[in-house]
**Q** 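Starting off with a structure, shown below.
In this chain, numbering begins with 1 at the start of the sequence shown.
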Amino acid sequence: MLKLFLPSLNANLSGSRRFRPGRPRPLRFGWRLFLTVLVLLMSAPFTRHTVHARNAQSEPAQEEDRLPPPENSDTGRLRISDTGNIVLDLNNAYELTLRASENDLIRAEDIRILEAQYRQTVSGFLPTIGIFGEQNWQDRSDPGKAAERERYVLEQVNPTLARILPDPGRETQSLNPFVGGVSLSWPIFSGFRSYKESDALEFDRRSARLARSRFRELLYQDVAEVFYQVQLYDRTLKILGDQEQALRQRIAELAARVRIGRSRQGELLAARSDLQNNLVEAERIRGLRGTSLELLAFLVKQPADRLELRASDSLPPSRELEAYLSATEERKDILAAISDLRAARERIAVEEGRHYPEVSLEGEAYFYKRPDDGRDWRVTLRIELPIFEGGESSAYVREARAERRQSELTLDRLRRSADYEVRNAYREFVSAAAQVLLLEESVRLARANYAVQVRDYRLGIVTNLEVLTALAGIQTAERSLLNARIQTLLADIRLHIAAGKMPGMRTESDVSNRRTGHPEFEAHTIRPVAGQIAFQREAV
């Protein structure tokens with residue numbers, strides 16, 4: 001490196017400082033030294049910045065840039081039925097909701113903001129280089145003040161400026177000096193505050209990504225609840241339709257019996273009253289279905305009158321509680337809280353850096369000066385050590401430690417709540433699945449009871465009231481079974497989400513997790529399950 005400026009050094013020492021016009025001016029020793037120091041000082045932070053950039057490029061594709069592929073469709077196009085309706089299953093509904101969610105897009109912009117802030121912090125410990133030019137204008141000098149100004153300059157022991165002062169005996173216009181060159185400004189050391197702040201922002205960025213992933217999981221659960229709510233109302237209307245058909249058949253039979261005197265008029269009126277109550281209940285369910293369908297249409301950003309929902313009737317298999325309890329540490333909100341805690345720890349070091357000295361370097365290299373005083377460069381090394389600031393730095397450190405303690409408590413609370421949510425969702429799933437088994441038998445018995453009551457009524461053994469009661473029992477049992485099936489499907493989804501897994505994800509006992517370099521960030525493999533979302537989710 002010294003060979004770069006040794007020829008210029010010899011020329012400066014052996015020759016004159018002023019060169020003849022029209023000849024190229026060799027680069028002086030100061031210029032060579034200035035550029036050499038600049039390259040050396042920039043190497044350390046630039047190397048660190050390059051390492052961060054390579055790490056960012058080596059990370060796998062982030063989840064927020066990947067959307068689940070639509071099931072049974074090509075290139076994300078909607079499936080259209082023969083009647084022109086939009087056919088949606090739960091996967092398609094979730095995909096459309098994700099694409100139309102402004103909250104998800106807002107979180108994506110938050111991540112970009114944190115990435116920009118990280119790059120701003122990284123640029124804080126890199127040198128700042130610029131080209132500057134400075135031209136001054138002054139009014140005419142006062143002859144009475146010229147001698148005083150000359151004495152002041154001479155007192156400052158600056159003979160060069162003293163030579164260019166105007167003659168104190170006559171009025172003249174002062175010179176308009178011009179300076180142009182390259183400037184350098186670099187904070188060499190500030191208690192590692194910039195380094196620690198960049199690390200803290202990196203953890204903030206990861207936390208934001210994980211929080212967005214958790215938002216998407218909860219969004220899946222919300223879409224599933226609305227989707228299955230519409231399904232519940234649709235199937236309830238079918239049950240009420242079957243009930244209406246049975247009541248109309250019953251009314252026709254009673255009317256015939258009343259005409260021949262084998263049944264009373266009151267029995268016919270009771271059946272018609274039950275039919276009216278059935279019609280009223282059906283209208284109420286249609287209103288609730290319309291409200292839920294409008295909400296689903298708002299989520300998927302499609303017209304409600306064109307939506308046609310299709311869902312799988314297959315119930316999920318039984319689960320093991322331990323497998324889900326062991327998976328709660330992989331929940332995205334817990335991983336985000338871990339990142340927040342690490343960011344809080346880094347910010348303690350940031351605030352502790354206020355107690356350390358600050359070292360900065362400033363330099364200028366001049367291309368042109370008028371009038372020329374023979375100086376080619378200037379370098380200023382500034383060291384500042386805080387002695388007393390009224391306790392401000394200590395207060396910042398205490399604040400950072402309190403925020404770290406808040407992050408620790410938040411993480412503990414999330415872990416306890418995750419354990420509670422998994423246990424509660426597991427109990428709901430087991431209870432709903434058990435109810436399905438029992439209610440299937442109840443529906444079979446209710447239908448058998450109705451057939452027996454109709455037979456006995458025709459034989460004159462039982463009354464019409466008992467027949468209508470048996471018919472109402474079928475509706476009650478079928479609606480209870482339908483509600484239990486829907487609750488089982490939702491409980492399975494809630495159990496997955498509570499454990500931090502999308503439905504269809506293998507548990508920790510099914511597949512070994514591969515590490516991605518950070519202990520808290522792990523990749524999982526999704527296996528396709530009928531009626532459930534199936535896509536590969538990369539590590540964040």
Side-chain angles (χ1 to χ4, degrees), residues 88-91 93-94 217-240 242-243 281 285 288-289 291-293 295-296 309-328 331 417-447 472-507 509-510 526-534:
L88 289 182
D89 57 13
L90 180 55
N91 292 354
Y94 171 68
E217 293 175 354
L218 296 176
L219 181 64
Y220 183 88
Q221 178 177 324
D222 295 339
V223 173
E225 291 179 354
V226 178
F227 182 87
Y228 282 119
Q229 189 68 43
V230 177
Q231 287 286 302
L232 175 63
Y233 292 142
D234 284 339
R235 299 180 184 182
T236 301
L237 288 174
K238 185 178 183 303
I239 294 174
L240 291 175
D242 295 341
Q243 182 80 357
E281 179 67 10
I285 296 299
L288 295 175
R289 178 189 180 277
T291 302
S292 298
L293 188 62
L295 177 57
L296 182 62
L309 307 186
R310 296 180 183 177
S312 174
D313 294 330
S314 60
L315 295 179
S318 59
R319 310 291 181 183
E320 295 181 0
L321 177 61
E322 292 76 10
Y324 286 93
L325 288 176
S326 62
T328 54
R331 269 180 46 161
S417 63
D419 183 84
Y420 163 75
E421 290 173 6
V422 169
R423 292 181 181 276
N424 189 50
Y426 178 78
R427 300 303 177 191
E428 290 181 357
F429 173 80
V430 172
S431 176
Q435 290 180 47
V436 169
L437 297 177
L438 297 175
L439 287 171
E440 286 177 347
E441 181 67 16
S442 297
V443 170
R444 188 186 67 80
L445 294 175
R447 290 174 178 171
I474 295 178
Q475 179 193 134
T476 302
E478 288 181 343
R479 293 183 65 175
S480 298
L481 175 60
L482 172 61
N483 185 70
R485 284 181 176 274
I486 296 297
Q487 291 304 318
T488 302
L489 294 172
L490 290 176
D492 179 65
I493 293 175
R494 295 191 189 102
L495 180 57
H496 279 83
I497 300 302
K501 297 178 177 294
M502 295 291 286
M505 182 183 298
R506 298 178 182 178
T507 59
S509 59
D510 296 330
I526 311 288
R527 59 181 179 182
V529 176
Q532 296 176 346
I533 193 164

**Q** Which heavy atom in T236 sits nearest to a heavy atom in L232, and how many Å separate them?
**A**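 The answer is OG1-O, 2.6 Å.
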**Q** Between atom OH of Y94 and atom CG of L219, what is the distance when rounded to the nearest 0.5 Å?
**A**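 Answer for the OH-CG pair, Y94 versus L219, is 6.0 Å.
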**Q** Atom CG in N483, atom CG in L490: separation rounded to 0.5 Å?
**A**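 Between N483 CG and L490 CG, I get 9.5 Å after rounding to 0.5 Å.
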**Q** Kindly write out the residues that satisfy side chain to side chain contact (heavy atoms under 4.5 Å, CB included) with Q435, not counting sequence neighbours, or none if the list is empty.
**A**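 Only S431, L439, A484 meet the side chain to side chain contact (heavy atoms under 4.5 Å, CB included) criterion with Q435.
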**Q** Mind listing the closest non-hydrogen atom pair of L293 and V230 along with its distance?
**A**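 Closest heavy-atom pair between L293 and V230: N-CG2, 3.8 Å.
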**Q** With a 4.5 Å heavy-atom cut-off, do Y426 and L325 have their side chains touching?
**A**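 SC-SC contact between Y426 and L325 ruled out.
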**Q** CD1/I239 to OG/S480 distance, rounded to the nearest 0.5 angstrom?
**A**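 So the gap between those two atoms works out to 9.0 Å.
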**Q** Can you tell whether the side chains of E478 and R235 come within less than 4.0 Å, N to carboxylate O?
**A**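 Salt bridge absent between E478 and R235.
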**Q** Under the side chain to side chain contact (heavy atoms under 4.5 Å, CB included) test, which residues partner A491, sequence neighbours left out?
**A**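 In terms of side chain to side chain contact (heavy atoms under 4.5 Å, CB included), with neighbours along the sequence ignored, A491 is linked to E428, F429.
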**Q** List in chain and number order the residues that pass salt bridge (Lys or Arg N to Asp or Glu O under 4.0 Å) with D419, two or more places apart in sequence or in another chain; answer none if no residue qualifies.
**A**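 D419: salt bridge (Lys or Arg N to Asp or Glu O under 4.0 Å) contacts with R423.
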**Q** List the residues meeting salt bridge (Lys or Arg N to Asp or Glu O under 4.0 Å) with R444, not counting sequence neighbours, and say none if there are none.
**A**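 E441.
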**Q** Indicate yes or no: at least one non-hydrogen side-chain atom of Y228 is less than 4.5 angstrom from one of L90.
**A**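 A side-chain contact under 4.5 Å exists here.
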**Q** Assess the residue pair Q475 and L240 against the criterion (side chain to side chain contact (heavy atoms under 4.5 Å, CB included)); give the C-alpha distance rounded to whole Å, side-chain angles, the decisive distance to 0.1 Å, and a yes or no.
**A** CA-CA 7 Å; Q475 179 193 134; L240 291 175; 3.6 Å; yes
**Q** Are D234 and K238 within salt-bridge range, i.e. N to O under 4.0 Å?
**A**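 Answer for the salt bridge query: no.
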**Q** What residues form a salt bridge (Lys or Arg N to Asp or Glu O under 4.0 Å) with E281, not counting sequence neighbours?
**A**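 Expected list: R284, R479.
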**Q** Return the minimal non-hydrogen interatomic distance between I474 and A446, and the atom names on each side.
**A**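 Scanning both residues, the minimum pair turns out to be CG1-O, 3.4 Å.
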**Q** Can you name the side chain to side chain contact (heavy atoms under 4.5 Å, CB included) partners of V226, sequence neighbours left out?
**A**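 Only L295, L296, L299 meet the side chain to side chain contact (heavy atoms under 4.5 Å, CB included) criterion with V226.
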**Q** Of all heavy-atom pairs between A498 and T328, which one has the smallest distance, and what is that distance?
**A**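 Looks like O-CG2, 4.5 Å.
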**Q** Does some side-chain heavy atom of M502 sit less than 4.5 Å from a side-chain heavy atom of H496?
**A**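 Not in contact.
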**Q** Quick check for you: to the nearest 0.5 Å, what is the distance between Q231 atom CD and R289 atom CZ?
**A**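 Between Q231 CD and R289 CZ, I get 9.0 Å after rounding to 0.5 Å.
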**Q** Check the pair E217 / K501 against salt bridge (Lys or Arg N to Asp or Glu O under 4.0 Å), numbers first and verdict last.
**A** CA-CA 8 Å; E217 293 175 354; K501 297 178 177 294; over 6 Å; no
**Q** For the atom pair CG (L481) and CG (L437), what is the distance rounded to the nearest 0.5 Å?
**A**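 It is 10.0 Å, given to the nearest 0.5 Å.
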**Q** Evaluate the side-chain proximity of V436 to E440: yes if any heavy-atom separation is below 4.5 Å, no if none is.
**A**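 In contact.
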**Q** To the nearest 0.5 Å, what is the distance between OH on Y220 and CD1 on I493?
**A**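 Interatomic distance, Y220 OH to I493 CD1, rounded to 0.5 Å: 5.0 Å.
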